[in-house]
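Have a look at the structure below, then the notes.
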Protein chains: 2
Amino acid sequence: MKKRMYDNIQRFPVALDGIIFGFDRQALNLLLIKRDFEPEKEKWSLMGGFLREAENLDDAASRIVTSLTGLKNVYMEQLYGFGRHDRDPVERTISIAYYALINIHDHDEDLVRRYSAQWFPIDELPELIFDHQEMVEAAKARLRYKAARQPVGFELLPGKFTLPELQQLYEAIYETELDKRNFRRRMLSMGVLVKTDEKQKGFSKRGAWYYTFDKEKYKKMSSPVNGSALAFMPARE
Amino acid sequence: MKKRMYDNIQRFPVALDGIIFGFDRQALNLLLIKRDFEPEKEKWSLMGGFLREAENLDDAASRIVTSLTGLKNVYMEQLYGFGRHDRDPVERTISIAYYALINIHDHDEDLVRRYSAQWFPIDELPELIFDHQEMVEAAKARLRYKAARQPVGFELLPGKFTLPELQQLYEAIYETELDKRNFRRRMLSMGVLVKTDEKQKGFSKRGAWYYTFDKEKYKKMSSPVNGSALAFMPARE
DNA sequence: CAGTAGTAGCGTTAAAACTACACATAAAGT
DNA sequence: ACTTTATGTGTAGTTTTAACGCTACTACTG
């Protein structure tokens, strides 16, 4: 029995590209790979790959990020579908971009080496191939959007972290400085931070308290842009 | 000279599906078509079509909406890429959903008849094929998000409209009632409405002033979700 | 061991935004 | 002229934001 198929239509390779964010307690970074194949060999690009038969988009995106970082169950969200007809000089493809948030210290360094990958601070990115620059811009905008309404630290920070560290992350995301007192109040008011009885040592004289996330509450708040969580007529900006 | 191509990868039909919103001065409506072909013949679905070679995604989405409505230069925004591997029983496809906002009275009625298309109030939708229900939900959420930070009337309303009409639209979008005075203040404060010296006649005794949009300012505010316009750490909801 | 330096952490206040709510006004129809 | 019906306006109380000055720890120094 022959499988049914659509007639008289084009078929295209469907790529998944991953914008992988990591935070090193200082700056927000992006994991890029140096292409060792044509076209655009030796130039930098996002990690990508092609969709396989019988594989969901989300699964494919996960597979691709895992193949570079070794990490599973990474937080990812679909960003946008990029499909300019001439975006890829080899063949007409469309690419669904996903962004991922990972703890920069968790990744598999061997894998990263094998792919000639490297972390770049987001304000010092090299030139990227194709439309990858555009993807990165979109991902930054989305991350900012997301961070504004829920603490994004859970994915980017280690299990325990201090408020100054969280603030550092936010300042990296927004590329600006924030008021310590207001930031603190705002984050705490979201009700997902749990203070531990442990203090950070060695960094500052006084030492800051470590916090963790209340995973339960955090998960409830975490919803993609299309999720239900958008408030009814929230304030204009 | 042979064209270069990628090796050993699958290729897929790429569909575009359009969530077409229209407003008839009463309710928010969706334009759906009755399928006259298998599978799922006689059931309702979104208007869709397949991507062609050398056609940008946005252009393809436009083409598809135009083919049903006769309207060109419709406001559209990419919504999300849907790609469950079993989403289409005929063949594995991926679909990029776009939503469109049109003035319901402008569409080409012949075309709509030819496709056996029909407008449905968004709170009385029939059962839809595949994952189209999910797409509609996502589109509603996105429209709500968008409407909260910029007046969305321009695309959905005729050139001139009254504030009560605009409010009617918002109430349809949010499926709730709004306070007249607060709504009015909020819309006017966005600074894109221009009062004309013309009054609506025949509908209410007193008659309401017609307004138009200041297209210049309006365009500046109109940016897709990924645009830059997201405020720096806007209020929590 | 006392003083200093450098962050961490707290509280207050003024401005802005939001919410809720009630009455006057224009014009059509009798 | 009076009634009817929807349009249009103002205000007060509350909540949220934004700006800002000061105290509290503790490691290091002499």
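Numbers restart at 1 for each chain; the letters A, B, ... are given by sequence-line order, proteins then strands.
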Protein-nucleic acid N or O pairs under 3.5 Å, nucleotides 7-9 of chain C:
{"from": "C:dA8", "atom 1": "N7", "to": "A:Lys180", "atom 2": "NZ", "distance (Å)": "3.4"}
{"from": "C:dA8", "atom 1": "N3", "to": "A:Arg206", "atom 2": "NH1", "distance (Å)": "2.3"}
{"from": "C:dG9", "atom 1": "OP1", "to": "A:Trp209", "atom 2": "N", "distance (Å)": "3.1"}
{"from": "C:dG9", "atom 1": "OP2", "to": "A:Arg184", "atom 2": "NH2", "distance (Å)": "2.4"}
{"from": "C:dG9", "atom 1": "O5'", "to": "A:Arg184", "atom 2": "NH2", "distance (Å)": "3.4"}
{"from": "C:dG9", "atom 1": "N7", "to": "A:Lys180", "atom 2": "NZ", "distance (Å)": "3.2"}
{"from": "C:dG9", "atom 1": "O6", "to": "A:Lys180", "atom 2": "NZ", "distance (Å)": "3.0"}

I need the [atom1]-[atom2] distance between [X] and [N], as an integer number of Å.
X: B:Arg186; N: D:dT9; atom1: CZ; atom2: C1'; result: 19 Å
X: A:Leu188; N: C:dC10; atom1: CG; atom2: P; result: 8 Å
X: A:Asn182; N: C:dG11; atom1: CG; atom2: P; result: 14 Å
X: B:Phe183; N: C:dA20; atom1: CZ; atom2: C1'; result: 17 Å
X: B:Leu178; N: C:dC18; atom1: CG; atom2: P; result: 14 Å
X: B:Asp179; N: D:dT11; atom1: CG; atom2: C1'; result: 13 Å
X: A:Arg185; N: D:dT16; atom1: CZ; atom2: P; result: 12 Å

Run the side-chain contact (heavy atoms from CB on, under 4.5 Å) test against B:Trp119 and tell me which residues pass, sequence neighbours left out.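 B:Trp119 satisfies side-chain contact (heavy atoms from CB on, under 4.5 Å) with B:Ile20, B:Asn29, B:Leu31, B:Ile102, B:Ile104, B:His107 only.
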Among all residues two or more places apart in sequence or in another chain, which pass the side-chain contact (heavy atoms from CB on, under 4.5 Å) test with A:Gln133?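 side-chain contact (heavy atoms from CB on, under 4.5 Å) check on A:Gln133 returns A:Leu128, A:Glu137.
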Counting only heavy atoms not in A:Lys199, do more than 12 fall under 6.0 Å of its NZ?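 Counting other residues, nucleotides and ligands, NZ of A:Lys199 exceeds 12 neighbours.
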List the residues meeting side chain to side chain donor-acceptor pair (under 3.5 Å) with B:Asp58, not counting sequence neighbours, and say none if there are none.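 If we apply the side chain to side chain donor-acceptor pair (under 3.5 Å) test to B:Asp58, skipping adjacent residues, the hits are B:Tyr98.
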State which residues pass side chain to side chain donor-acceptor pair (under 3.5 Å) with B:Asp123; sequence neighbours excluded, sorted by chain then number.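 Not a single residue meets the side chain to side chain donor-acceptor pair (under 3.5 Å) criterion with B:Asp123.
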Under the rule for salt bridge (Lys or Arg N to Asp or Glu O under 4.0 Å), what residues qualify as partners of A:Lys160, not counting sequence neighbours?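 If we apply the salt bridge (Lys or Arg N to Asp or Glu O under 4.0 Å) test to A:Lys160, skipping adjacent residues, the hits are A:Glu198.
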